Structures are given as C-alpha cells and as structure tokens.
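In this text the structure is predicted, and so the values were computed from the model without any measurement. Note that the numbering runs from 1 along the sequence shown for the chain.
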Amino acid sequence: MDEELELIFDQAKESMSESIDHLKAELAKIRAGRANPSMLDGVKVEYYGSLTPLNQVSNVNTPDGRTISVQPWEKGMLQEIEKAIMNANLGLNPQNNGELIMINIPPLSEERRQQLVKQAKAEGEKSKVSLRNARKEAMDELKRLKNDGAPEDAIKDAEDEVQKITDEHTAKIDKYIEDKEADILKV
C-alpha cells in the first residue's frame with residue numbers, strides 16, 4: 001500500500017515537474033526586450049540534408065543588451081542561417097556582413113509588452129491545466145485503491161498529500177509568470 005502511494009506521488013510530481021519545465025522553455029521564447037541567445041532556440045537550419053538546431057552549427061552570443069550575433073562554424077552556412085532566422089517568424093531582421101549575422105532587437109512598445117504579458121499568462125494557464133490533469137490522474141488512482149479496500153483514512157491523507165504537491169507546483173508556476181511579467185514590463 002505504501003509503495004503504491006509513493007508511486008502515485010512520484011508520478012504526480014514527475015508529471016507536474018515536466019509541465020513546469022515546458023513552461024520555462026515557453027517563457028524563454030517570449031522576448032522581454034533584451035537580447036538573449038535563447039530567443040533563437042527554436043531556429044533549425046538545413047545542414048547537410050537535415051534540420052539542425054542553430055546553436056549546433058554556430059556560436060550564438062549577445063555582445064550587448066540589444067544585439068544577438070550568430071557566428072557560423074562554416075562560412076558557407078551564412079545564407080542558410082539568415083534564411084532560417086527569417087523563416088522562424090520571430091519578428092527579427094538578421095543582417096549578414098559576410099563574417100557573421102547580427103540581429104538588432106528593437107525596443108518593445110507598451111502595446112507589445114502587454115501582448116507578451118498576455119502570452120506569458122496564457123502559457124501559465126496551460127501549465128496549470130496540465131497540473132490539474134496530473135492531480136486528477138493521481139486522485140483517480142487513489143479512488144481505485146479505495147475501491148480495492150484500502151483504509152479510508154490512508155486514502156484521505158494521500159489525497160491531502162496530492163493536493164499539497166499540486167499547490168506547491170501551482171505556486172512555482174505563479175512565481176515564474178510573475179517574474180516573466182516583471183521582466184517584460186521593465187523598460
């Protein structure tokens with residue numbers, strides 16, 4: 001019985017942690033006005049016949065808060081990288097100087113900042129839905145144990161533990177969203 005409960009708790013924690021990891025990755029894609037190499041994480045480049053992440057064919061750096069530089073390991077990749085960045089629909093305008101690609105990050109308008117805050121909050125809501133689904137799965141497992149004759153007080157304690165795990169993860173999501181919102185609104 002205790003092993004089954006531990007397994008249920010572990011599965012719930014793992015599922016909820018994956019949801020938070022996904023949220024972190026999605027929030028990293030939302031730009032906050034400052035240049036950040038992770039803004040290009042989703043960009044894939046055609047490299048010897050296969051789509052390869054940009055950071056595996058070049059160095060991606062931020063020389064200052066408003067610029068991203070992309071230094072390909074092979075000069076012949078400059079046009080491919082430039083094309084991939086344009087096709088990624090990130091709203092970025094790469095400039096190829098023959099040696100490397102420079103991307104100037106324009107300052108965000110107030111309206112755009114508000115849109116990004118909404119986008120961040122929407123990602124947070126998606127993560128919370130995922131948490132609720134994980135909690136429901138755990139509660140369904142506990143209900144099954146109860147129907148199989150497990151002591152009612154043990155199941156009640158286990159349900160409280162699942163709720164505690166859910167609350168902890170929900171607080172983490174709220175904190176990430178709050179931090180991202182502050183980051184976006186900071187001029």
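Between Ser15 and Ala134, the shortest heavy-atom distance links the atoms OG-CB, 3.5 Å. When all heavy atoms of Thr62 and Pro37 are compared, the pair lying nearest together is CG2-CD, 3.5 Å. Scanning all heavy atoms of the two residues, the minimum distance from Gln56 to Trp73 falls at O-CZ3, 2.7 Å. The two residues Ile173 and Gly124 have their closest heavy-atom pair at CG2-O, 3.8 Å. When every heavy atom of Ala158 is checked against every heavy atom of Leu142, the shortest pair comes out as CB-CD2, 3.6 Å.
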Between side-chain atoms of residues 18-28 and protein atoms elsewhere (two or more places apart, or another chain), which donor-acceptor pairs fall under 3.5 Å?
| residue | atom | partner | partner atom | Å |
| --- | --- | --- | --- | --- |
| Ser19 | OG | Ser127 | O | 3.2 |
| Lys24 | NZ | Tyr176 | OH | 3.4 |
| Glu26 | OE2 | Lys29 | NZ | 3.3 |

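Listed by first then second residue, pairs satisfying salt bridge (Lys or Arg N to Asp or Glu O under 4.0 Å) with a partner in residues 72-87 read Lys75-Glu99, Glu80-Lys83, not counting sequence neighbours. For residues 47-58, there are no salt bridge (Lys or Arg N to Asp or Glu O under 4.0 Å) pairs, not counting sequence neighbours.
Annotation: side chain of Ile81 is in contact with side chain of Ser58 (closest heavy-atom distance under 4.5 Å). You'll find the side chain of Leu51 reaches within 4.5 Å of the side chain of Glu46, heavy atoms only. The closest side-chain heavy-atom distance from Ile101 to Ile68 is not below 4.5 Å. Side-chain contact between Gln71 and Asn61: absent, with no pair of heavy atoms (C-beta onward) separated by less than 4.5 Å. Using a 4.5 Å cut-off on side-chain heavy atoms (C-beta onward), Glu141 and Glu4 make no contact. Counting heavy atoms from C-beta outward, Lys180 and Ile184 have side chains that approach closer than 4.5 Å. Using a 4.5 Å heavy-atom cutoff, the side chains of Ile155 and Lys143 are not in contact.
Remark: the backbone N or O of Val162 is paired with a side-chain donor or acceptor of Thr166 at under 3.5 angstrom. One N or O on the side chain of Arg113 and one on the backbone of Lys186 form a donor-acceptor pair closer than 3.5 Å.
Clustering of Ile, Leu, Val, Met, Phe, Trp and Tyr side chains at separations under 4.5 Å places Leu100 together with Met102.
Evaluation of the side-chain hydrogen bond (donor to acceptor under 3.5 Å, both in side chains) rule for Asp174 yields Lys128 as partners, not counting sequence neighbours. Listed by chain and number, the residues in a salt bridge (charged side-chain N to carboxylate O under 4.0 Å, His left out) with Lys156 are Asp160 (sequence neighbours excluded). The salt bridge (charged side-chain N to carboxylate O under 4.0 Å, His left out) search around Asp148 returns Arg144, not counting sequence neighbours. With sequence neighbours excluded, the residues satisfying side-chain hydrogen bond (donor to acceptor under 3.5 Å, both in side chains) with Asp179 are Lys175. In terms of the salt bridge (charged side-chain N to carboxylate O under 4.0 Å, His left out) criterion, residue partners of Lys126 (sequence neighbours excluded) are, by chain and number, Glu123. Evaluation of the side-chain hydrogen bond (donor to acceptor under 3.5 Å, both in side chains) rule for Gln115 yields Arg112 as partners, not counting sequence neighbours. Legend: residues meeting salt bridge (charged side-chain N to carboxylate O under 4.0 Å, His left out) with Asp140, ordered by chain and number and at least two apart, are Lys136. Residues meeting the side-chain hydrogen bond (donor to acceptor under 3.5 Å, both in side chains) test with Asn147, sequence neighbours left out: none.
Between the CD atom of Glu181 and the CD atom of Gln114 there is a distance of 8.0 Å, given to the nearest 0.5 Å. Atoms CD1 and CD, from Ile8 and Glu159 in turn, are 10.0 Å apart once rounded to the nearest 0.5 Å. Separating the CZ atom in Arg135 from the CD atom in Gln163 is a distance of 5.0 Å, to the nearest 0.5 Å. One distance of note links CD1 of Ile105 with CG of Asp64; it measures 10.0 Å at 0.5 Å rounding.
With 3.5 Å as the limit, one finds no donor-acceptor pair spanning the side chains of Asn133 and Glu137.
By the 6.0 Å contact criterion, CD on Gln95 is enclosed, its count of non-hydrogen atoms from other residues, nucleotides or ligands being greater than 12.
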